[in-house]
Novice: 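I'd like to ask some things about the structure below.
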Amino acid sequence: MKILDGKLLAKNLNNELSKKILSYNKEYGRRPHLLVILVGDNPASQVYVKNKEKKAAEVGIKSTVIRLSKNVSENNLLKVIDEANANISVDSILVQLPLPNHINSNKVIDRISIEKDVDGFNSKNIGLLALGRPKVIPCTPLGCYKMLESILDLEGKKVIILGRSNIVGKPLSFLLTNKNATVTLAHSKSKNLQSLCLSSDIIIAAIGKPNFVKKEWVKENAVIIDVGINVIEDKNGLRKIVGDVDYEDVIKKVSFISPVPGGVGPMTIHCLLSNTFLLTKN
Ligand code: GUN
């Protein structure tokens, strides 16, 4: 069993990226600029945004965070996006999700200009990815792909993705299909999940259920990517973060597994930074 160390891979990729950004800066006299819009005070979102700011600074990307009240109207949020779209000093825009219930997320996501949509969640970007003509690929799916690509050739591999979210499962199914994997996109209504998992070379879990995948579900020498970030209380009442896969349970059976934390998370942030640089160059 080998650990698929996303933290280390992201560190190496961030180092390479920072060199490219340095030479861009020398040539054009400016740094790439990421604008993050954070609505409300969701504690997890606050942590994610802090991490993004810190990592952006490390590779030489300027980041600005606009913090809006949880009561901001949809119209005012759309105005902020319109201004960012028109602001030539801004290269990429990210609206942190989830948004409060009174705001229509689809409308907000589609308001971000396709030239600045660093998450790749805009319906046009998702459509282009589905058609195999991607421009910006969503960060978590791209991070999962880069981890897999670092250890194997995806062509002809049987992959099961657990979870059909618009942020992870769906775009990841398009991306891996484009890379010639045979993809099953499973979800809460799927039947025979265990046997679907058992016949898969690669399991990608993105369902938000702590320790859901057990060893009885996993083929010998399978590869596992764990996208889950779940906060649970352990036996002593201490809060800890676990994935969607029961790591200790499956560890003896798998050939590779990405840990939580230290797996997909750092790769997602790397891809946010590399997408920002891509949009900057474009
Ligand atoms: N919330 C959880 N994951 C993400 C992500 O990848 N992008 C944005 N914008 N919000 C998120």
Side-chain angles (χ1 to χ4, degrees), residues 6 10 34-56 61 63-68 70 72 74 77-78 80-81 84-85 90-101 103-114 116-126 129 134-147 161 163-175 204-209 225-231 241 243-244 258 260-261 263-276 278-279:
L34 162 70
L35 180 78
V36 175
I37 301 172
L38 175 59
V39 180
D41 44 22
N42 179 316
S45 293
Q46 310 260 5
V47 174
Y48 295 151
V49 168
K50 273 257 151 13
N51 280 338
K52 288 167 185 172
E53 282 184 277
K54 180 167 167 268
K55 290 293 169 191
I61 289 176
S63 68
T64 306
V65 181
I66 297 182
R67 291 185 165 78
L68 300 172
K70 64 175 185 291
V72 70
E74 186 179 287
L77 174 56
L78 293 173
V80 171
I81 293 173
N85 283 337
V90 171
D91 299 295
S92 72
I93 302 169
L94 178 149
V95 177
Q96 185 66 32
L97 301 174
L99 289 168
N101 288 335
I103 295 175
N104 179 337
S105 302
N106 291 334
K107 203 164 163 184
V108 168
I109 288 167
D110 274 348
R111 192 71 158 238
I112 299 169
S113 150
I114 183 147
K116 300 192 180 186
D117 174 29
V118 72
D119 266 320
F121 293 163
N122 189 304
S123 49
K124 180 146 189 220
N125 268 323
I126 295 288
L129 176 63
K135 279 170 85 93
V136 175
I137 300 173
C139 306
T140 301
L142 184 57
C144 293
Y145 165 67
K146 286 188 180 182
M147 288 172 94
I161 301 168
R164 58 178 157 182
S165 70
N166 290 344
I167 293 184
V168 184
K170 255 181 238 166
L172 185 55
S173 72
F174 300 139
L175 175 58
I204 304 176
I207 41 175
K209 290 190 179 163
I225 304 275
D226 192 346
V227 184
I229 301 177
N230 308 291
V231 181
I241 294 176
D244 292 346
S258 70
V260 177
V264 175
M267 287 300 296
T268 296
I269 297 189
H270 162 72
C271 292
L272 171 68
L273 306 176
S274 64
N275 277 353
T276 289
L278 177 79
L279 290 170

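Whatever order the structure lists ligands and atoms in, that order sets their numbers, starting from 1. No hydrogens, no waters, no symmetry mates; every other heavy atom, side chains included, goes into these values.
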Novice: Checking a contact table here: which protein heavy atom is nearest atom 11 (C) of ligand 1, and how many Å away?
Specialist: Gln96 NE2, 3.5 Å
Novice: For residues Ser113 and Ile93, determine if any side-chain heavy atom of one lies less than 4.5 Å from a side-chain heavy atom of the other.
Specialist: no
Novice: Is the closest side-chain heavy-atom distance between Met147 and Val264 below 4.5 Å?
Specialist: yes
Novice: What part of Tyr48 sits under 4.0 Å from ligand 1 if we count only heavy atoms: the side chain, the backbone, both or neither?
Specialist: neither
Novice: Among Leu97, Val227, Ile93, which residue places a heavy atom closest to atom 10 (N) of ligand 1?
Specialist: Leu97
Novice: Can you find an N or O of Val95 that's nearer than 3.5 Å to an N or O of ligand 1?
Specialist: yes
Novice: Would you say Phe121 and Ile112 make side-chain contact, with heavy atoms under 4.5 Å?
Specialist: no
Novice: List every atom of ligand 1 that sits less than 4.0 Å from any heavy atom of Leu94, numbering the atoms from 1 in the order shown and giving each element.
Specialist: 9 (N)
Novice: Counting only heavy atoms, tell me which of Thr268, Ile269, Asp119 gets closest to atom 9 (N) of ligand 1.
Specialist: Asp119
Novice: My understanding is that only one of Leu175, Asp119, Leu129, Ile167 makes a side chain to side chain contact (heavy atoms under 4.5 Å, CB included) with Pro138; could you say which?
Specialist: Leu129
Novice: Taking the side chain as everything from C-beta on, heavy atoms only, tell me whether Lys52 gets closer than 4.5 Å to Ser63.
Specialist: no
